[in-house]
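Let me begin by presenting the structure, written as structure tokens, before commenting on it.
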Amino acid sequence: MAHLASPHPLYISEILFAISYHLEDDRKALARLARCCHAFSEPALSVLWSSVRSFSPFIPLLPPTVKFLWDHSQFDEVSLIEFQCPPEEEWRVFDSYARRVRRLYSGSHCHQIVARIRSETTLFPLLRSLSLQLVEPLDMKGHLFSHSLRSLKISGPAYVHCKDDRVQMAIAHVARDAPLVEHLHIEDYTYSVVQSSLPPLHFSHLRVVEISAFFDYTLLQSLCHILSQAPVTQLKLELPPLPNKEWNMSIPIFPALRSLQICGNPASAEQFVFHLASKSLQELSIHHTRGPASAADYRQLLSRVVDKYGNTLQQLSLSLSQSPTPNYPYDISQAVLDAFYALAPRFNRLETLHLSLPHNRYVHLAPELTFESPTWPSLKLLDFQAI
């Protein structure tokens, strides 16, 4: 009986890709593999270019006239207005590599300019994850964000006084060009930001949002407004150190929210919780590591939380370092515990409580918190850390 010969392993594309993915962290080995034989070229190149740390590797692949502008620092406004985008055949080499990219980290001025020059085409058509620093405001005609995008991190310019709303406008680009985005992370290091006039934007698939506003509340409030109606279920905020008790929010925000994490002072956290439209928040974490605070701020915050979410909250975490109140950290700790004791019966569904507080022998952990008690009808886990 004749026996069919087994196919050569290197004729099986799945094996070639498996070998290439195994070498994902060894970029030099992948480059050598791509050059060693024709069979390995496509799998090795696909893995090698799937994650790119900057836009720089694409600069040598640009059409000659575009690269000439870059080499001679002619990406000024006058040159760009008069410049004609090269024909598609001149982008063939660039496209052959760009279509392999799934994750891109870009802070390059060149990336934004090339997207502007080639405004009719998406540069990276199969991109899934993008980390982008906005060097300059975006051109509304360009398509910097791929329709395939699922995860996006945007950083504003660092440590400058920003006189435009480039971050907000970038989010408008995302809503227009990347409607399937699910995770959005925004970092802002600017000292002042222009208030945007954008209305709430439409995001059908956005579920997870992180916003870090290190210096200014203006951008934070603006972003909360334009994202206010998105179906976000998980939100993390990093607030500026100084409290802001007067949020200018004209509408309730984040109606679908289930999990909220706030890194900031309790006064600002209380105001944010006040403006939440969600009716069924289940998880809340407050981490206060910088900026001033008082016992009254914590009492008001806890009262606000129990008034709105006493019947839905299942997990509560509060962490207070010694740095916000260096002179009286233990007085604050005792005030927080006292507030919990008074409000405990109103947390009807609370199952998990995490407390991390400055502690000494004068801070008193009441016995009601250490064993099953009618005071905490649903509590299953208590985690108390003295720091």
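Values in this document were obtained by computation on a predicted structure and should not be read as measured data.
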Under 3.5 Å, is there a donor on one side chain and an acceptor on the other for His354 and Ser356?
no
Show your reasoning for whether side chain to side chain contact (heavy atoms under 4.5 Å, CB included) applies to Ile262 and Glu238.
CA-CA 6 Å; Ile262 297 179; Glu238 187 160 357; over 6 Å; no
For Pro63 and Glu90 the tightest heavy-atom approach is CG-O, 3.4 Å
Look only at the side chain of His225 and the backbone of Gln221, and say whether a donor-acceptor pair between them is shorter than 3.5 Å.
no
I'd like to know if the side chain of Ser303 reaches the main chain of Gln300, judged simply by a donor and an acceptor atom lying under 3.5 Å from each other, with no hydrogens or angles considered.
no
Decide yes or no for Lys380 and Ser378: does some side-chain heavy atom of the first lie under 4.5 Å from some side-chain heavy atom of the second?
no
Going by atom types only, do Arg102 and Ser51 share a side-chain donor-acceptor pair under 3.5 Å?
no
Distance, nearest 0.5 Å, that separates CD1 of Ile211 from CG of Asp188
10.5 Å
The test is salt bridge (charged side-chain N to carboxylate O under 4.0 Å, His left out); show your working for Arg99 and Asp95 and say whether it passes.
CA-CA 6 Å; Arg99 64 178 173 82; Asp95 289 343; over 6 Å; no
Worked verdict on Arg128 versus Glu182 for salt bridge (charged side-chain N to carboxylate O under 4.0 Å, His left out)
CA-CA 10 Å; Arg128 304 277 295 187; Glu182 300 170 353; over 6 Å; no
Would you say that Leu184 contacts Ile171 through its side chain, given a criterion of any heavy-atom pair below 4.5 Å between the two side chains?
yes
Within the side chain of Ser148, is there an N or O that forms a donor-acceptor pair under 3.5 Å with the backbone of Pro125?
yes
For Ala170 and Leu134, the nearest pair of non-hydrogen atoms, with its separation, is CB-CD1, 3.7 Å
Sequence-distant partners of His183, ring-ring contact (aromatic ring centres under 6.0 Å, His included), two or more places apart
none
Would you say the side chain of Val66 lies within less than 4.5 Å of the side chain of Pro86, judging by non-hydrogen atoms?
yes
Run the side chain to side chain contact (heavy atoms under 4.5 Å, CB included) check on Ile59 and Cys110 step by step: do they pass?
CA-CA 8 Å; Ile59 294 178; Cys110 186; 4.0 Å; yes
Would a hydrophobic clustering, with Ile, Leu, Val, Met, Phe, Trp and Tyr connected at side-chain separations under 4.5 Å, put Leu220 with Met169?
yes
Is there a donor-acceptor contact under 3.5 Å from the side chain of Lys308 to the main chain of Leu276?
yes
Minimal heavy-atom distance between Leu235 and Leu257, with the atoms involved, is CB-CD1, 3.5 Å
Taking Arg116's backbone N and O only, do any of them form a donor-acceptor pair with Arg118's side chain (distance below 3.5 Å, no angle check)?
no
A quick test of your reading: do over 12 heavy atoms of other residues, nucleotides or ligands sit less than 6.0 Å from CD of Glu89?
yes
Working to the nearest 0.5 Å, report the span between CG of Leu337 and CZ of Phe340.
8.0 Å
Is a donor on one side and an acceptor on the other found under 3.5 Å between the side chain of Thr312 and the backbone of Leu281?
yes
Apply ring-ring contact (aromatic ring centres under 6.0 Å, His included) to Phe83 and list each qualifying residue two or more places apart in sequence or on a separate chain.
none
Please name the pair of heavy atoms, one in Ser151 and one in Val181, separated by the smallest distance, quoted to 0.1 Å.
N-CG2, 4.2 Å
Carboxylate-amine/guanidinium proximity below 4.0 Å for Lys153 and Glu187:
yes
Hey, are Glu42 and Arg100 close enough for a salt bridge, meaning a charged N less than 4.0 Å from a carboxylate O?
yes
Applying side-chain contact (heavy atoms from CB on, under 4.5 Å) between His143 and each of Leu123, Thr121, Thr122, report the one that passes.
Thr122
Would a distance-only check, ignoring hydrogens and angles, find a side-chain to backbone donor-acceptor pair under 3.5 Å from Asp165 to Gln168?
no
Are side-chain heavy atoms of Ile226 and Leu223 found at a separation under 4.5 Å?
yes
same_hphob_cluster(Tyr97, Trp91) at 4.5 Å side-chain heavy-atom cutoff:
yes
Using salt bridge (charged side-chain N to carboxylate O under 4.0 Å, His left out), reason through Arg346 and Asp307 one step at a time and then give a plain yes or no.
CA-CA 8 Å; Arg346 297 175 59 190; Asp307 286 344; 2.5 Å; yes
Cluster question for you: counting only ILVMFWY and a side-chain heavy-atom cut-off of under 4.5 Å, with indirect links fine, are Tyr341 and Leu350 together?
yes
Please check if the side chain of Ser285 supplies one atom and the backbone of Ser317 the other of a donor-acceptor pair under 3.5 Å.
no
Could you go step by step and tell me if Tyr298 and His288 meet the side chain to side chain contact (heavy atoms under 4.5 Å, CB included) rule?
CA-CA 11 Å; Tyr298 278 101; His288 182 202; 2.7 Å; yes
Determine whether Val167 and Leu198 fall in the same hydrophobic cluster, where Ile, Leu, Val, Met, Phe, Trp and Tyr are linked whenever their side-chain heavy atoms lie under 4.5 Å apart.
yes
Within this structure, what is the CD-CZ distance for the pair Gln271 and Phe274, rounded to the nearest 0.5 Å?
7.0 Å
Work out which heavy atom in Leu313 is nearest to a heavy atom in Glu283; give both atom names and the distance.
CD1-N, 3.9 Å
Heavy-atom check, side chain of Pro179 versus side chain of His205, under 4.5 Å
no
Test side chain to side chain contact (heavy atoms under 4.5 Å, CB included) on Gln282 and Gln315; report intermediate values, then the result.
CA-CA 6 Å; Gln282 298 174 1; Gln315 180 174 314; over 6 Å; no
Atom CG of Leu302 and atom CG of Asp338: how far apart are they, to the nearest 0.5 Å?
11.0 Å
d(Leu144 CG, Ile154 CD1) to nearest 0.5 Å is 8.5 Å
Residue pair Leu239 / Ser268: nearest heavy atoms and the distance that separates them
CD1-CB, 3.7 Å
Using atom types as modelled and distance alone, determine if a side-chain donor or acceptor of Ser294 lies under 3.5 Å from a backbone N or O of Asp297.
yes
Separation between NE2 (His109) and OG (Ser106), nearest 0.5 Å, reads 11.5 Å
Which one of Phe58, Phe145, Trp49 satisfies the ring pair (Phe, Tyr, Trp, His ring centres under 6.0 Å) criterion with Phe124?
Phe58
Side chains of Phe272 and Leu237: does their closest heavy-atom pair fall under 4.5 Å?
yes
Is there side-chain contact between Ser212 and Ile186, with heavy atoms separated by less than 4.5 Å?
no
Counting C-beta onward and ignoring hydrogens, is there a side-chain heavy-atom pair between Leu353 and Phe347 closer than 4.5 Å?
no
Same cluster (ILVMFWY, side-chain, under 4.5 Å), Leu227 and Leu180
no
Donor-acceptor check, side chain of His111 to backbone of Gly107, threshold 3.5 angstrom: yes or no?
no
